[in-house]
Amino acid sequence: MREMYKKSAVEYLYRTEGTIVPFHALYDALENFLDHSHRSVILKAYENSFIDPDKKESDVFVVDVLKTLFMIKYCNDICNANVDNITSLMIENIDDDRIALRAKVEDALKVLMRQMLVQKNGDVYVFLTDEEQEYVIEKVIEFVAK
């Protein structure tokens, strides 16, 4: 656990004063220890042209939101995955414009829901594993077929 925090802190060490390590940075430190079925969702997101049209290998905001949702899913005692909490966890600098960041998070969540990587339950967003995605797709197909 300490190594995970250290790796995340070192990544942000030389950034400007006021920098805050966002929650998704912990995913990057944890990634090598994760089961393939969980990592594959994030890896596929980088390959998805709706999520990452520039085909970047890192620093993709929509994928960072997905990583944050993954971390919240398995640490749900920390907070509910609503837009305000996700926005708080995405802040990277004390001077970030929270209203603009919230709008950006909402846009990212819409993209993730359209790609069926995230599901919305009330005001809470849920990261979907590969298995959960398959189940949701089956239910959508059943619904459309009726």
Side-chain angles (χ1 to χ4, degrees), residues 1 4-5 7-12 15-16 18-146:
M1 195 67 130
M4 186 173 76
Y5 291 123
K7 184 176 178 182
S8 300
V10 167
E11 181 181 330
Y12 286 79
R15 300 216 180 169
T16 61
T19 296
I20 299 171
V21 177
F23 200 52
H24 63 81
L26 296 175
Y27 173 88
D28 295 336
L30 180 68
E31 182 179 35
N32 292 332
F33 301 102
L34 295 176
D35 180 275
H36 177 72
S37 65
H38 292 100
R39 284 185 25 206
S40 67
V41 175
I42 304 295
L43 295 172
K44 284 189 243 177
Y46 280 113
E47 297 169 3
N48 185 316
S49 60
F50 292 104
I51 294 172
D52 185 11
D54 299 328
K55 297 295 180 203
K56 297 183 342 186
E57 293 182 14
S58 63
D59 198 28
V60 177
F61 186 82
V62 177
V63 177
D64 290 343
V65 171
L66 186 62
K67 290 176 182 179
T68 299
L69 286 168
F70 170 81
M71 296 296 290
I72 293 172
K73 180 178 182 111
Y74 296 103
C75 302
N76 57 4
D77 293 340
I78 295 173
C79 66
N80 290 328
N82 61 35
V83 175
D84 288 327
N85 290 338
I86 296 166
T87 300
S88 295
L89 294 171
M90 294 294 297
I91 292 174
E92 293 191 18
N93 191 290
I94 59 171
D95 296 324
D96 281 352
D97 180 345
R98 188 170 171 79
I99 294 170
L101 182 59
R102 187 180 200 280
K104 199 172 172 183
V105 166
E106 288 174 334
D107 290 343
L109 290 168
K110 288 175 187 171
V111 170
L112 292 169
M113 285 189 306
R114 280 193 297 267
Q115 298 306 305
M116 293 191 192
L117 299 174
V118 169
Q119 186 174 33
K120 185 176 180 184
N121 296 327
D123 69 340
V124 173
Y125 294 86
V126 180
F127 173 93
L128 297 175
T129 63
D130 278 334
E131 296 81 19
E132 292 167 334
Q133 290 173 36
E134 289 174 21
Y135 178 78
V136 169
I137 291 169
E138 285 177 20
K139 291 301 175 188
V140 167
I141 291 170
E142 286 176 16
F143 179 77
V144 171
K146 286 184 181 180

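Both backbone and side-chain heavy atoms feed into the values below; hydrogens, waters and symmetry mates do not. Please read all numbers here as calculations on a predicted model, not as lab measurements.
- In this structure, the side chain of Asn93 engages the main chain of Asp95 through a donor-acceptor pair within 3.5 Å.
- Expressed to the nearest 0.5 Å, how far CG of Leu112 lies from CD of Gln119 amounts to 13.0 Å.
- To the nearest 0.5 angstrom, Asn80 atom CG is 9.0 Å from Ile72 atom CD1.
- Under the 4.5 Å side-chain criterion, counting only non-hydrogen atoms from C-beta, Lys73 is in contact with Glu132.
- The pair Arg102-Glu106 meets the salt-bridge criterion, with a side-chain N (NZ, NE, NH1 or NH2) lying under 4.0 Å from an Asp/Glu carboxylate O.
- Here the shortest heavy-atom pairing between Ala81 and Ile86 reads O-CD1, 3.6 Å.
- Between Met71 and His24, the closest side-chain pair of non-hydrogen atoms is not below 4.5 Å.
- No donor-acceptor pair under 3.5 Å is formed between the side chain of Lys67 and the backbone N or O of Ile42.
- Contact check for Ile51 versus Leu117: side-chain heavy atoms found under the 4.5 Å cut-off.
- Residues forming a side-chain hydrogen bond (donor to acceptor under 3.5 Å, both in side chains) with Lys104 (at least two apart in sequence, or on another chain): none.
- Arg98 CZ to Ser88 OG: the interatomic distance, rounded to the nearest 0.5 Å, is 3.5 Å.
- Side-chain atoms of Tyr125 and Asn82, non-hydrogen and from C-beta on, never get closer than 4.5 Å to each other.
- Summarising the geometry of Pro22 relative to Met90, their closest heavy-atom pair is CB-O, 4.1 Å, with the distance given to 0.1 Å.
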Going through the checks in order, is the side-chain contact (heavy atoms from CB on, under 4.5 Å) test met by Val41 and Phe127? CA-CA 9 Å; Val41 175; Phe127 173 93; 3.6 Å; yes
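- None of Val126, Leu128, Leu109, Asp64 except one satisfies the side-chain contact (heavy atoms from CB on, under 4.5 Å) rule with Leu69; the exception is Leu109.
- Of the residues Leu101, Leu66, Asp52, Val111, the one that meets the side-chain contact (heavy atoms from CB on, under 4.5 Å) test with Phe61 is Leu101.
- A donor-acceptor pair under 3.5 Å links the side-chain atoms of Asp96 to the main chain of Glu92, judged by distance alone.
- To the nearest 0.5 Å, atoms CG (Leu89) and CG (Asp84) are separated by 11.0 Å.
- The backbone N or O of Lys56 sits nowhere less than 3.5 Å from a side-chain atom of Asp54 that would complete a donor-acceptor pair.
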